[in-house]
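Side-chain atoms are counted along with the backbone in the values below, which use heavy atoms only and exclude waters and symmetry mates. On a predicted model such as this, the values are computed, not experimentally measured, just so you know. Below, chains carry the letters A, B, ... as their sequence lines are ordered, and counting in each starts from 1.
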Amino acid sequence: MNFYPIFWKDLLLIRKKPWRFLASSMVMPLLYLVTFGWGLGRGMNVNGGTYLEFVLPGILALSAMNNSFGPVSTSLNISKLYTKTIEEVLVSPVGPWSIALGRALTGLVRGLFSALMLLLVGAASGVHLNLSPFFFVVLALTAFCFASMGVAAAMIAHSHEDMANFNSFFIIPMSFLAGTFFSPDKLPQPLESLILVYPLTHSSLLLREMAAGREPTLGSTIILFAYTVMFFYLAGRLVKRTV
Amino acid sequence: MIETINLSRNFGSLAAVKSVNFAVNKGEVFGLLGPNGAGKTTTIRMLTTLLSPTSGTATVSGHNVAGDPLSVKKAIGVVPQMLNLDIDLTAAENLEYHGRLHRMKPADRTARTEELLHFVGLWDRRDTHVEHLSGGMRRRLLIARGLMHRPAVVFMDEPTVGLDPQARRMIWGLIETLKRSGITILLTTHYIEEADVLCDRVAIMRAGSIIAMDTPQALKAGVGRVVLECLGRHDIPRQFFQTREEALDAGRSVGCDLVVRDSTLEDVFIQLTGERIDA
Ligand SMILES: Nc1ncnc2c1ncn2[C@@H]1O[C@H](COP(=O)(O)OP(=O)(O)OP(=O)(O)O)[C@@H](O)[C@H]1O
Ligand SMILES: [Mg+2]
C-alpha cells in the first residue's frame, strides 16, 4: 500500500488555506444549527429534551457526511475530468486500493473535523450530549463511508452534471430525510422503511441514541459498518477499472 | 527498451492507432512525428498504461504494459501533453509529491529536487506556486517531475507545444543533455525541426499508422537531400536531388527564380502523403 502520498497532498492543501477549510466545513452545519436549533426549535420539546439536543446528533451526522462526500467527490471529479492531475498518480506505482484509501482518509479527516468543531459550538451553547468513545467511532465511520461513496461517485461520473445530479437526487434528499431533523418513526410506514435504507439514517439514529445516554442498537451498527465496507470496496473496484 | 507489436486502439468506430510496430533501443531518442490527430498521444497513453490497447502488445523495459502495469510504472517517467501539475502547490512541492508517489527516501527527495530545479533553471522559483509560473516554466517543471525518480525510459508528449522559439530551444538543450546521460526517450512532436534536431530515429505517423521510420538523415536521403524549388511558382513541383550540383544543373533548364536548399522531414512527409504536417 502506498496511500500516504495522496493523503499527504490533501493535508498539505488544507494546511495552505486553513481559513478556507474551516469556513467551508462550518457554514452548512452552522446554518442548520441556527435554523433548526435556535430559530425553529426554541421552546420546542422532543422526547423530553430541547429540540436542539435532539437535532444536534443529526446535524453532526449530516456534517460528517457533507464534509467527506462533497470535497472528496468534487476534487476527484475535477482531477479526473479537468486538471488531469489524477494521471500523475495513474502513471506512478500506486495501486487502485491505495488511491481509494488515500482519498477516503482525507474525507475521514474532513468529516470528523467538521463534526468536532460543531460539537464544540454545541457545547459552548450549552447543549449537553453524552459522549462515549463509540460516539466518535460512529462519526469516523460515517465520514469514511461517505468519503468512499464520494470516490465511487466521482469515478462513475462522466461530467460535472452527473455529479450534480447525484447530489440532487441522492445526497440532498438523504440530508433532509435520514433522521437528521426528525425521527423516522414519525413518518407513515412505507416511507419509514424506505428511509431506513439510507446509510445516513443509521448514523443519525446511533448518534442520537448515544447522545441521550442509551445503548447503540446493534442493527444500525451492523448496517453502517456494512455500508462502509461496501462503498470502500466499490470505490477500489471503480478506481481499478480506470487504472 | 520499448517495443510494440501490432499495437492498435479504437475509439468506437474510429481506429486511432492501427497496428503500430516499432522498437526503441536503450539510450536512443525516438520521435513520433505527425500532424494533429495522427495517434501520437494515444500511442503514448498505451505505453504509459493509461489506456489499454484494443489489440496488439507493447513492452517497456521488458514488462508488458497490459500484463504488468506496476513494473512498467516503476520504470517510466511521463511528461504529458497536457500540463497537469498541481497549481496550488509550489514547484518544489510538486516534485516532492512525485518523489513520494515513487517511494523515494526523504533525503534523496530533497537532493533530487534541488538538482532538478537547477537543471531546468527553476531553483529561484522553487517556492513559487505553479499558478504563478509562465507556460515555459511549467513545461520545464513538468520535465523535471517526469525525471524525478530517475526513470530509465522517459515519454515526452509534445514537450515544447505552444512555446516561443527561445523557450523551445531551452527545452531542446535539456533533452540533449539527457540524451548524453544515456536515458531512453520517446518523444512526440508535430514540429519538424524538433524531430530533426533531437531524434536519433523518427517514425512518421499519419491517421494512426506509421508510414516511414528511420534516422532523419536516411529519411531525407530517401526523397533526396537537396530540394529545388521555384520561387512563387506553386504550379511547378519541387524536385529532389542527392547533391547540390545535380540540383543546380537541373535548375539551369527551368525558367524561374530558383531556390536550392537542404530537404527537411517536412519534405519527406509531403512526398509520402501529399499533405503538409504543420498546416
Ligand atoms: N478518449 C478519446 N475518445 C475518442 N476519441 C479519441 C480519444 N482520444 C483520442 N481520440 C481520437 O483519436 C485520434 C488520435 O488522437 P491523438 O490524441 O492520439 O492524436 P495526436 O497525434 O496526439 O494529435 P495532437 O498532435 O493533436 O496531439 C483523434 O482523431 C482523436 O480525436
Ligand atoms: Mg497529442
Side-chain angles (χ1 to χ4, degrees), chain A residues 1-24 71-72 74-103 105-106 110 154-155 158 236-243, chain B residues 41 44-52 60-61 63 65-66 68-90 92-104 106 109 127 129-131 138 141-142 145-146 148-149 151 153-157:
Chain A
M1 287 298 255
N2 191 17
F3 65 89
Y4 186 69
I6 293 162
F7 185 55
W8 172 84
K9 193 187 87 180
D10 276 323
L11 292 190
L12 181 63
L13 290 172
I14 290 175
R15 281 209 305 273
K16 276 176 188 273
K17 297 190 172 143
W19 294 110
R20 191 173 74 176
F21 169 65
L22 194 67
S24 72
V72 168
T74 309
S75 85
L76 188 55
N77 198 45
I78 290 175
S79 143
K80 183 184 108 176
L81 295 174
Y82 304 103
T83 63
K84 306 284 182 196
T85 49
I86 196 174
E87 291 187 357
E88 143 95 323
V89 181
L90 295 181
V91 297
S92 300
V94 179
W97 296 99
S98 298
I99 297 174
L101 183 60
R103 292 277 180 170
L105 284 178
T106 315
R110 287 174 176 271
M155 293 318 293
H158 292 295
R237 294 299 304 192
L238 287 166
V239 176
K240 196 175 172 133
R241 195 185 64 178
T242 57
V243 177
Chain B
T41 297
I44 283 214
R45 289 175 67 82
M46 288 191 277
L47 293 173
T48 56
T49 76
L50 286 173
L51 205 59
S52 49
V60 176
S61 266
H63 308 288
V65 290
D68 187 6
L70 208 61
S71 300
V72 173
K73 290 173 196 201
K74 282 182 187 154
I76 62 172
V78 181
V79 182
Q81 178 169 4
M82 181 174 165
L83 289 162
N84 68 344
L85 298 156
D86 263 289
I87 60 167
D88 295 321
L89 301 185
T90 65
E93 285 165 348
N94 265 281
L95 297 188
E96 174 172 5
Y97 176 50
H98 186 87
R100 285 176 181 270
L101 288 173
H102 281 267
R103 294 179 182 272
M104 291 170 71
R109 262 189 338 243
D127 294 326
H129 286 90
V130 170
E131 218 178 337
R138 291 182 195 198
L141 183 60
L142 203 65
R145 189 185 72 180
M148 181 74 184
H149 56 288
V153 184
V154 178
F155 294 88
M156 297 188 181
D157 196 1

Heavy-atom pair count under 4.5 Å with chain B, highest-scoring of A:Glu88, A:Lys17, A:Glu87 = A:Glu88
query = Going by atom types alone, do B:Asp157 and B:Thr41 pair a side-chain donor with an acceptor below 3.5 Å?
reply = yes
query = Quick one: what part of A:Thr83 sits under 4.5 Å from any heavy atom of chain B, side chain, backbone, both or neither?
reply = backbone
note = Taking every heavy atom of A:Pro5 against every heavy atom of B:Leu101, the minimum-distance pair comes out as CB-CD2, 3.7 Å
ask   = Tell me, side chain or backbone of A:Lys16 under 4.5 Å from chain B's heavy atoms, or both, or neither?
value = side chain
key: Side-chain heavy-atom pair B:Ser61, B:Ile76 within 4.5 angstrom cut-off   = no
query = Any side-chain heavy atom of A:Val91 within less than 4.5 Å of one from B:Phe155?
reply = no
ask   = Going by heavy atoms in the side chains, are B:His102 and B:Tyr97 under 4.5 Å from each other?
value = no
key: Side chain / backbone / both / neither for A:Tyr82 at chain B, heavy atoms under 4.5 Å   = backbone
ask   = Checking heavy atoms, do the side chain of B:Leu51, its backbone, both or neither come under 4.5 Å from chain A?
value = neither
key: Closest non-hydrogen atom pair between A:Arg103 and A:Val72, with its separation   = O-CG2, 3.7 Å
remark   = The interface call for B:His149 against chain A, heavy-atom contacts under 4.5 Å, is neither
key: Contact origin within B:Ile87 toward chain A - heavy atom pairs under 4.5 Å   = neither
query = Of the backbone (N, CA, C, O) and the side chain (C-beta and beyond), which part of A:Ile86 lies under 4.5 Å from a heavy atom of chain B, both, or neither?
reply = neither
message = Side chains of B:Asp86 and B:Val130, heavy atoms from C-beta outward: is any pair under 4.5 Å?
response = no
inquiry  = For chain A, which candidate among B:Arg100, B:His98, B:Arg45 shows the most heavy-atom pairs at distances under 4.5 Å?
reply    = B:Arg100
inquiry  = For the interface with chain A, which of B:Leu70, B:Asn84, B:Val72, B:Leu83 has the highest count of heavy-atom pairs at distances below 4.5 Å?
reply    = B:Asn84
